[in-house]
K.L.:
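One structure follows; several queries about it will come next.
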Amino acid sequence: MDQSKEQRILNSVSYNAIKGDPESVLACIDKYCSQNEWAMNVGDEKGLILDKIVKEADPTVALELGTYCGYSAVRIARLLKPNARLFSIEFNAEFVPIAKEIIEIAGLQDKVTILEGHAQDIIPRLKTQYNMDTLDFVFLDHWKDRYAPDTILLEECGLLRKGSILLADNIIFPGAPDFLKHVRNNIHYECTHYPSHLEYMKAPDAMEKAVYLG
Ligand SMILES: O=C(NCCc1nnc(-c2ccc3[nH]cnc3c2)[nH]1)c1cc(-c2ccc(F)cc2)cc(O)c1O
Ligand SMILES: [Mg+2]
């Protein structure tokens with residue numbers, strides 16, 4: 001059976017990256033996906049925006065929706081302080097073992113927990129099953145039509161606090177219009193727009209930061 005693109009990305013990281021060095025894992029994925037096969041990692045350009053917001057949030061507990069190959073999990077986890085943790089929800093069973101291996105090659109396995117399943121099924125269990133209080137930072141990068149309902153779910157489950165920072169990828173392309181409608185012109189959110197480009201392409205894309213005001 002032919003290998004998947006995601007398996008080929010893992011092969012490239014396993015062969016070329018320096019074990020325990022997150023920067024080299026990120027560089028390897030960006031090089032492979034720029035030169036060989038496009039893939040839906042947040043990428044190096046939008047990755048700089050992600051870095052900026054994670055440093056601003058300095059989260060103790062972070063959540064990511066949409067692990068994919070683990071690129072943004074590595075990007076986020078490499079910036080976390082010693083006792084901070086990232087929980088990442090992935091729906092596609094094929095992506096989970098690949099993301100786990102890439103996170104392990106980066107040496108960040110102690111900081112990242114991958115939860116397999118639908119976000120809408122896992123979010124309601126985060127407080128009880130993972131002893132969570134509230135989330136300091138949420139990166140939305142899963143199915144674009146799930147950004148809005150899952151944000152509402154996070155609110156309803158009491159997982160957001162005054163100052164929780166949400167950052168959403170792909171606001172322009174593929175686009176998340178319902179999410180924008182929910183957070184913009186909403187007294188409970190303070191939004192900031194970050195224009196950029198689709199990963200590894202010239203097409204315009206953007207990220208949206210939405211700070212929950214309580
Ligand atoms: O679909 C995307 N990302 C989502 C993957 C995912 N990985 N995991 C999930 C999940 C995880 C828990 C879930 N719970 C419920 N649904 C879930 C879906 N979704 C995506 C697509 C593009 C893209 C751009 C241009 C194109 F021509 C084609 C594609 C670019 C991007 O940056 C993306 O992020
Ligand atoms: Mg994305």
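Please read all numbers here as calculations on a predicted model, not as lab measurements. We count ligands from 1, going down the list as the structure has it; atoms in each ligand are counted the same way.
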K.L.:
I would like to know whether Tyr68 and Asn92 meet side-chain hydrogen bond (donor to acceptor under 3.5 Å, both in side chains); could you show each step before the answer?
P.N.:
CA-CA 8 Å; Tyr68 190 43; Asn92 187 319; over 6 Å; no
K.L.:
Would a distance-only check, ignoring hydrogens and angles, find a side-chain to backbone donor-acceptor pair under 3.5 Å from Tyr147 to Asp178?
P.N.:
no
K.L.:
Please calculate the OD2(Asp169)-the Mg ion (ligand 2)-OD1(Asn170) angle and round it to 10 degrees.
P.N.:
80°
K.L.:
Look up atom CG in Asp44 and atom NZ in Lys31, then write down how far apart they are to the nearest 0.5 Å.
P.N.:
13.0 Å
K.L.:
For the residue pair Trp143 and Phe91, does the interplanar ring angle fall in the parallel (under 30°), tilted (30 to 60°) or perpendicular (over 60°) class?
P.N.:
perpendicular
K.L.:
Under 6.0 Å from the CD atom of Gln3, do we count more than 12 heavy atoms belonging to anything else shown?
P.N.:
yes
K.L.:
If you consider just the N/O/S atoms, which atom of Asp141 is the closest one to the Mg ion (ligand 2)?
P.N.:
OD1
K.L.:
In a simple table, one pair per line, please give the protein and ligand 1 atom names for every N or O pair closer than 3.5 Å, along with the distance.
P.N.:
from     : atom 1 : to     : atom 2 : distance (Å)
ligand 1 : 3 (N)  : Asp141 : O      : 3.4
ligand 1 : 3 (N)  : Lys144 : NZ     : 3.4
ligand 1 : 7 (N)  : Glu90  : OE1    : 3.2
ligand 1 : 8 (N)  : Glu90  : OE1    : 2.9
ligand 1 : 8 (N)  : Glu90  : OE2    : 3.1
ligand 1 : 14 (N) : Ala119 : N      : 2.7
ligand 1 : 32 (O) : Asp169 : OD2    : 3.2
ligand 1 : 32 (O) : Asn170 : OD1    : 3.0
ligand 1 : 32 (O) : Asn170 : ND2    : 2.6
ligand 1 : 32 (O) : Glu199 : OE1    : 3.4
ligand 1 : 32 (O) : Glu199 : OE2    : 2.5
ligand 1 : 34 (O) : Asp141 : OD1    : 2.8
ligand 1 : 34 (O) : Lys144 : NZ     : 2.9
ligand 1 : 34 (O) : Asn170 : OD1    : 3.0

K.L.:
With a 4.0 Å cut-off, would you call Asp141 and Lys144 a salt bridge?
P.N.:
yes
K.L.:
How long is the span from the CG atom in Leu159 to the CG atom in Asp133, to the nearest 0.5 Å?
P.N.:
8.5 Å
